**Q** 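Can you keep this structure in mind? I'll have questions shortly.
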There are 2 protein chains.
Amino acid sequence: MANSKLDALDYKILKMLAVNARKPYLEIARACNVSGAAIHQRIQKLYNLGVIRGSISLINPSSVGYDTCAYVGIYLNDSSKFDEVVEHLKEMPEVVECYFTTGKYDMFVKLYAHNNDHLLSLIHNKFLQLGLGRTETLITFKEVFKRQIPIAEDDE
Amino acid sequence: MANSKLDALDYKILKMLAVNARKPYLEIARACNVSGAAIHQRIQKLYNLGVIRGSISLINPSSVGYDTCAYVGIYLNDSSKFDEVVEHLKEMPEVVECYFTTGKYDMFVKLYAHNNDHLLSLIHNKFLQLGLGRTETLITFKEVFKRQIPIAEDDE
DNA sequence: GTTGAAATCGAGACACT
DNA sequence: AGTGTCTCGATTTCAAC
């Protein structure tokens with residue numbers, strides 16, 4: 001899934017776009033001492049290779065009414081039901097991330113709720129009706145920081 | 001922290017930018033039947049209010065050499081050391097998210113590593129030298145999906 | 001706080017090297 | 001692969017409503 005045929009210029013582009021998706025291509029070009037067209041072609045290549053998967057604006061959850069963020073570890077009773085459970089989780093917009101994991105849990109999800117009552121109701125009224133086993137909830141009461149993966153200056 | 005003085009237009013803008021940070025303002029304007037200048041001013045307002053916190057390009061971790069993603073729950077021996085531990089975690093670029101939590105753990109972090117050996121070395125050689133207590137690691141072996149918080153059509 | 005026009009600037013395509 | 005030019009359309013500012 002990973003083609004490590006990225007050179008230093010690719011990394012430099014990624015590093016800038018990772019922090020600001022709307023950075024003008026010409027600014028990137030000037031910072032890299034190449035033409036704007038070159039940057040344009042590189043970025044399209046990075047999209048085609050799947051290195052860049054899209055761009056999003058980061059929205060403050062509490063500004064749109066979501067004041068509670070929690071992680072839930074899930075034990076499945078019947079592990080053949082992975083796909084079915086995933087489908088149901090996808091239909092809950094409050095569930096924003098979903099992982100298969102090794103170790104303690106079978107699955108692990110991140111979700112947002114309006115408040116603690118709402119969170120409780122999501123877990124009681126939705127999760128526990130999906131045929132999944134026990135769950136363990138971890139409420140985050142402060143997001144200390146959040147950033148992107150490190151992008152080396154010029155990794156091999 | 002949340003000013004709920006957002007109207008339907010604000011929500012419509014947020015909904016579009018949440019999915020594509022580079023969507024041209026004029027396209028948004030046409031979709032909302034207002035002028036481009038209005039969209040421009042609204043978006044600037046949303047930035048100033050802290051509703052929009054920035055925009056990032058999503059980069060495929062495995063493309064830049066990070067094949068392992070894990071969550072680590074942390075028990076602190078000395079809970080007065082929160083800030084000190086956070087400072088050290090910030091200096092580890094592999095740590096991409098950090099939360100204070102209620103329940104099982106005191107802190108909870110997400111991190112990326114090149115591979116499982118690298119992950120082990122991060123936990124053994126870095127984490128356990130920060131004066132923090134026991135840790136519990138949860139390795140994710142598949143990110144099933146990932147998306148943004150739901151943005152209501154026209155929430156109150 | 002919204003509009004419409006004006007001017008600046010970037011995006012995307014092309015032929016060329 | 002990168003460059004320079006060109007056209008189109010987007011961004012941004014401004015006076016005015």
Side-chain angles (χ1 to χ4, degrees), chain A residues 1-60 63-65 148 151-156, chain B residues 1-60 63-65 148 151-156:
Chain A
M1 215 159 198
N3 302 31
S4 338
K5 31 187 165 186
L6 305 181
D7 64 12
L9 178 54
D10 292 317
Y11 274 98
K12 218 164 172 183
I13 294 170
L14 289 177
K15 212 168 179 172
M16 293 193 233
L17 287 182
V19 172
N20 176 11
R22 285 191 86 96
K23 184 173 271 288
Y25 292 1
L26 286 186
E27 258 185 55
I28 301 175
R30 285 190 289 266
C32 297
N33 288 106
V34 292
S35 73
I39 298 296
H40 182 239
Q41 290 166 29
R42 288 293 187 119
I43 291 178
Q44 210 143 39
K45 184 195 74 176
L46 292 169
Y47 264 96
N48 292 338
L49 286 175
V51 177
I52 303 179
R53 286 169 162 172
S55 67
I56 61 173
S57 291
L58 301 172
I59 290 161
N60 186 346
S63 294
V64 290
Q148 285 242 69
I151 297 173
E153 274 303 333
D154 50 351
D155 210 341
E156 172 248 9
Chain B
M1 215 163 200
N3 302 29
S4 340
K5 31 186 164 185
L6 305 182
D7 64 11
L9 178 55
D10 293 317
Y11 274 99
K12 220 165 171 180
I13 294 171
L14 289 176
K15 212 169 180 172
M16 294 194 233
L17 288 182
V19 174
N20 177 11
R22 285 191 84 96
K23 184 174 270 291
Y25 292 1
L26 285 186
E27 259 185 54
I28 301 174
R30 284 190 290 266
C32 297
N33 288 106
V34 292
S35 74
I39 297 296
H40 179 241
Q41 288 167 31
R42 287 293 187 116
I43 292 176
Q44 212 144 40
K45 183 196 74 177
L46 291 170
Y47 264 96
N48 292 337
L49 286 176
V51 178
I52 302 178
R53 287 170 161 171
S55 68
I56 62 173
S57 292
L58 300 172
I59 289 159
N60 185 345
S63 295
V64 290
Q148 284 242 66
I151 297 172
E153 274 303 333
D154 49 352
D155 210 343
E156 171 246 11

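Each chain gets a letter, A, B and so on, in the order its sequence line appears, and its residues count up from 1. Keep in mind the model is a prediction, meaning the values are calculated, not measured.
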**Q** I need the minimum non-hydrogen distance between A/L17 and A/K23, along with the two atoms involved.
**A** CD2-O, 4.5 Å
**Q** Locate the shortest heavy-atom distance separating B/S57 from A/Q148; write the atom from each residue and the value.
**A** O-NE2, 2.5 Å
**Q** Listed by chain and number, what are the side-chain hydrogen bond (donor to acceptor under 3.5 Å, both in side chains) partners of A/Q44, not counting sequence neighbours?
**A** none
**Q** Begin from the C-alpha positions of A/S63 and B/L49 and carry the test side-chain contact (heavy atoms from CB on, under 4.5 Å) through to its verdict.
**A** CA-CA 9 Å; A/S63 294; B/L49 286 176; over 6 Å; no
**Q** Quick check: closest heavy atoms across B/L26 and B/G36, and the distance to 0.1 Å?
**A** CD2-CA, 3.8 Å
**Q** So if I take the C1' atoms of five pairs at each end of the helix from C/dG1-D/dC17 to C/dT17-D/dA1 and get each local axis, what angle do the two axes make, rounded to 10 degrees?
**A** 30°
**Q** With rounding to the nearest 0.5 Å, note down the distance linking CD1 in A/I151 to CG in A/L14.
**A** 5.0 Å
**Q** Using a 4.0 Å cut-off on protein heavy atoms (strictly under), produce a 5'-to-3' string for nucleotides 10-17 of chain D with B for base contact, S for backbone-only sugar-phosphate contact, and - for none.
**A** SBSB----
**Q** Enumerate the side chain to side chain donor-acceptor pair (under 3.5 Å) contacts for residues 31-42 of chain A, please, sequence neighbours excluded, ordered by first and then second residue.
**A** A/D7-A/R42, A/D10-A/R42
**Q** How close do A/M16 and A/A31 get, heavy atom to heavy atom, and via which atoms?
**A** CE-CB, 3.8 Å
**Q** Looking only at non-hydrogen atoms, find the nearest pair between B/I59 and A/A18 and report the distance.
**A** CD1-CB, 3.6 Å
**Q** Show every salt bridge (Lys or Arg N to Asp or Glu O under 4.0 Å) that has at least one partner inside residues 31-41 of chain B, sequence neighbours left out.
**A** none
**Q** Taking 5' to 3' order, which nucleotide of DNA chain C is first and which is last to have an atom within less than 4.0 Å of a heavy atom in chain B?
**A** C/dT2 to C/dA11
